[in-house]
Number of protein chains: 2
Amino acid sequence: MAELPPVVARMWDREPTTRRGPRPRLDLATITMAAIEIADTEGLAAVSMSNVAAQVGVAPMALYRYVGSKDELLTVMAESAVPPPPERGNLSWRAYLATWTRLNRDLLLSRPWLLDLRQSTPPMGPRRLLWLDRALDALSGTGLDDGEKFNAATALTGYALTNATLTHSLGAGGEKFAAGAKGATEYGEILAEVLDPATYPALSAMMNSGLLRDSTGWMEDADFRFGLDLLLDGIEALIARSAR
Amino acid sequence: MAELPPVVARMWDREPTTRRGPRPRLDLATITMAAIEIADTEGLAAVSMSNVAAQVGVAPMALYRYVGSKDELLTVMAESAVPPPPERGNLSWRAYLATWTRLNRDLLLSRPWLLDLRQSTPPMGPRRLLWLDRALDALSGTGLDDGEKFNAATALTGYALTNATLTHSLGAGGEKFAAGAKGATEYGEILAEVLDPATYPALSAMMNSGLLRDSTGWMEDADFRFGLDLLLDGIEALIARSAR
DNA sequence: AGTCTACTCTGTACGACATACACGATAGCT
DNA sequence: AGCTATCGTGTATGTCGTACAGAGTAGACT
């Protein structure tokens, strides 16, 4: 029986019910909600212990009664921001996983600070695991083995993440990205200016044909579906193969 | 003609050749190499302006003559850490993209701090763009249009990234991940302890069948190939379809 | 009831960090 | 020779995460 890391315990409400001392004025949920609200409105950079504490009306150090460190708080935020997964209904595995992945991506786009958080941790909270469970469940009739199902779900989440990242950085969010360019158009202009056709033959040919120049329609929904179908086609091929 | 953001200009050596004043004692390349060495040996957290400055024997503020901000330095690091892409040889597009993606992932695993860096920026440096160019080039005989080629390359890079992230966080690297667990085995134990089979039917069934318990062979190369083949199969299907 | 003590929140303090600013030194330019 | 753009330095500021010690609170124990 492994010992639960403190954050995990807190995410699953495994805290021992308090015995002595003054009643806590807060709980983890309100702190987390306050932090999320700050992240939503002012960005992740504004989520400092001081700001969060001020938001809930408490001295900064009080937060450490509920959270071991700022990193823990961020982890809990990443978990709490996740809504329940979509209902299966009577969708085929493919249709379900398509909306599952799309909603996953939409979540990341609606809360861009999730992109800045380290997704490097495998899911441990109840909500993220529920998503995982539903994806596995959708694949349960297909004859794939456990490892294949898990890998398929992983690949889909990963795609949602990278697509959201790309869409957001190029996108209408209006956020500057690190290099200072403002969007797909400017990105294309920069590339066109800098590329030597001799060393970058394929890329500069693509630039000349104007891919990024007419930036309407760039990174539209079709581009998301493209990669999604790539993966779903792959899964479908795998299912067909393992049915034999 | 778009104005080049300063970092981009620096990455492409577009700096005006210096005219007046004392000869610079440094250049961007040595600063970047020093920063990369620190990141390689002590992790990204140790890359502070003071540390980098100390490494090259200069006062911290001197770095700002070469770099506009720490963020810029990180961007340049992410670019400079990239080796040249593999040679095409006479590989099929599929074989080439397979090793292309694998090397991409191996790079991320060998320099884990790249995972911590914001990959949210589309590639702008010469080295990353060279990788992109080679992938596009590999697809040039396949009849895909520009957008499809670009999206395919994007999906593959994304997969390399998410797979490297997952492998690294579960992996033998021995790094703790944010929640404090130590690896796949412990992860499995935590899940087993916490999951209610009623609300997580598929997941807890998978746990009981022992997927994560025998952690040898977990996240081995086969798991990487699995997702890779998913994508490549998808691309292949697309090529076949668009050939008609 | 009175005492103990675990637990709450607060205030202060420290060390790290990114970076703004002003200064003296340097070396090409006129 | 003198001007001036540029270079590296030293100092300073504001922010941050968090360690620590203390004062108040309220259930547990006698």
Side-chain angles (χ1 to χ4, degrees), chain A residues 6-7 9-10 14-32 34-35 38-39 42-77 113 116-118 176 178 180, chain B residues 6-7 9-10 14-32 34-35 38-39 42-77 113 116-118 176 178 180:
Chain A
V7 219
R10 274 189 268 260
R14 290 297 182 79
E15 292 293 276
T17 50
T18 331
R19 308 237 179 269
R20 277 209 270 268
R23 288 178 219 104
R25 292 225 294 261
L26 302 168
D27 62 1
L28 182 54
T30 48
I31 293 176
T32 308
I38 294 175
E42 303 172 66
L44 192 61
V47 178
S48 66
M49 295 307 259
S50 313
N51 277 346
V52 176
Q55 180 95 3
V56 296
V58 145
M61 288 306 291
L63 302 182
Y64 287 92
R65 292 283 146 193
Y66 303 88
V67 154
S69 67
K70 186 185 179 180
D71 259 12
E72 278 196 17
L73 176 58
L74 294 177
T75 303
V76 178
M77 285 173 66
W113 50 269
D116 296 332
L117 249 35
R118 36 187 344 60
K176 85 281 173 196
Chain B
V7 218
R10 274 187 267 259
R14 290 299 182 78
E15 292 294 278
T17 49
T18 334
R19 308 241 179 266
R20 277 210 269 268
R23 285 179 218 102
R25 290 225 293 260
L26 302 168
D27 60 2
L28 182 55
T30 48
I31 293 175
T32 308
I38 293 175
E42 303 173 65
L44 192 61
V47 178
S48 66
M49 297 305 263
S50 314
N51 276 346
V52 176
Q55 180 93 2
V56 296
V58 150
M61 288 306 292
L63 301 182
Y64 288 92
R65 296 278 160 196
Y66 301 88
V67 154
S69 67
K70 186 185 178 178
D71 260 11
E72 278 195 18
L73 176 57
L74 294 177
T75 303
V76 179
M77 285 173 66
W113 50 269
D116 297 332
L117 249 37
R118 33 187 347 61
K176 85 280 169 196

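Within every chain, numbering begins at 1; the chains are lettered A, B, ... in the order of the sequence lines, protein sequences first and strands thereafter.
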Tell me the interatomic distance from [X], atom [atom1], to [N], atom [atom2], rounded to whole angstroms.
{"X": "B:Glu72", "N": "C:dA18", "atom1": "CD", "atom2": "C1'", "value": "14 Å"}
{"X": "A:Arg25", "N": "D:dG24", "atom1": "CZ", "atom2": "C1'", "value": "11 Å"}
{"X": "A:Leu44", "N": "D:dC16", "atom1": "CG", "atom2": "P", "value": "13 Å"}
{"X": "A:Arg65", "N": "D:dA19", "atom1": "CZ", "atom2": "C1'", "value": "12 Å"}
{"X": "A:Leu63", "N": "C:dT10", "atom1": "CG", "atom2": "C1'", "value": "12 Å"}
{"X": "A:Asp71", "N": "D:dT18", "atom1": "CG", "atom2": "P", "value": "7 Å"}
{"X": "A:Met61", "N": "C:dT12", "atom1": "CE", "atom2": "C1'", "value": "11 Å"}

Nearest to side-chain heavy atoms of [X], which nucleotide of [options]:
{"X": "B:Tyr66", "options": "D:dG27, D:dT25, D:dG8", "value": "D:dG8"}
{"X": "B:Pro22", "options": "D:dG24, C:dA27, D:dT18", "value": "C:dA27"}
{"X": "A:Arg20", "options": "D:dG17, C:dT19, C:dA6", "value": "C:dA6"}
{"X": "B:Lys70", "options": "C:dT19, D:dT25, C:dT10", "value": "C:dT19"}
{"X": "A:Met49", "options": "C:dC21, C:dA18, D:dG17", "value": "D:dG17"}
{"X": "A:Tyr64", "options": "C:dG28, C:dA20, D:dG17", "value": "D:dG17"}

Any side-chain heavy atom of [X] sitting closer than 4.5 Å to one from [Y]?
{"X": "B:Leu73", "Y": "B:Met49", "result": "yes"}
{"X": "B:Leu26", "Y": "B:Arg65", "result": "no"}
{"X": "A:Leu44", "Y": "A:Leu74", "result": "yes"}

Pick the nucleotide of DNA chain C nearest each of B:Gly68 and A:Arg23; which residue has the one closer to the 5' end?
A:Arg23
Closest heavy-atom pair, B:Arg25 versus B:Gly57, reported as atoms and distance to 0.1 Å, is NH2-O, 4.4 Å
Can you measure from CZ (A:Arg10) to CG (A:Asp27) and round to the nearest 0.5 angstrom?
12.5 Å
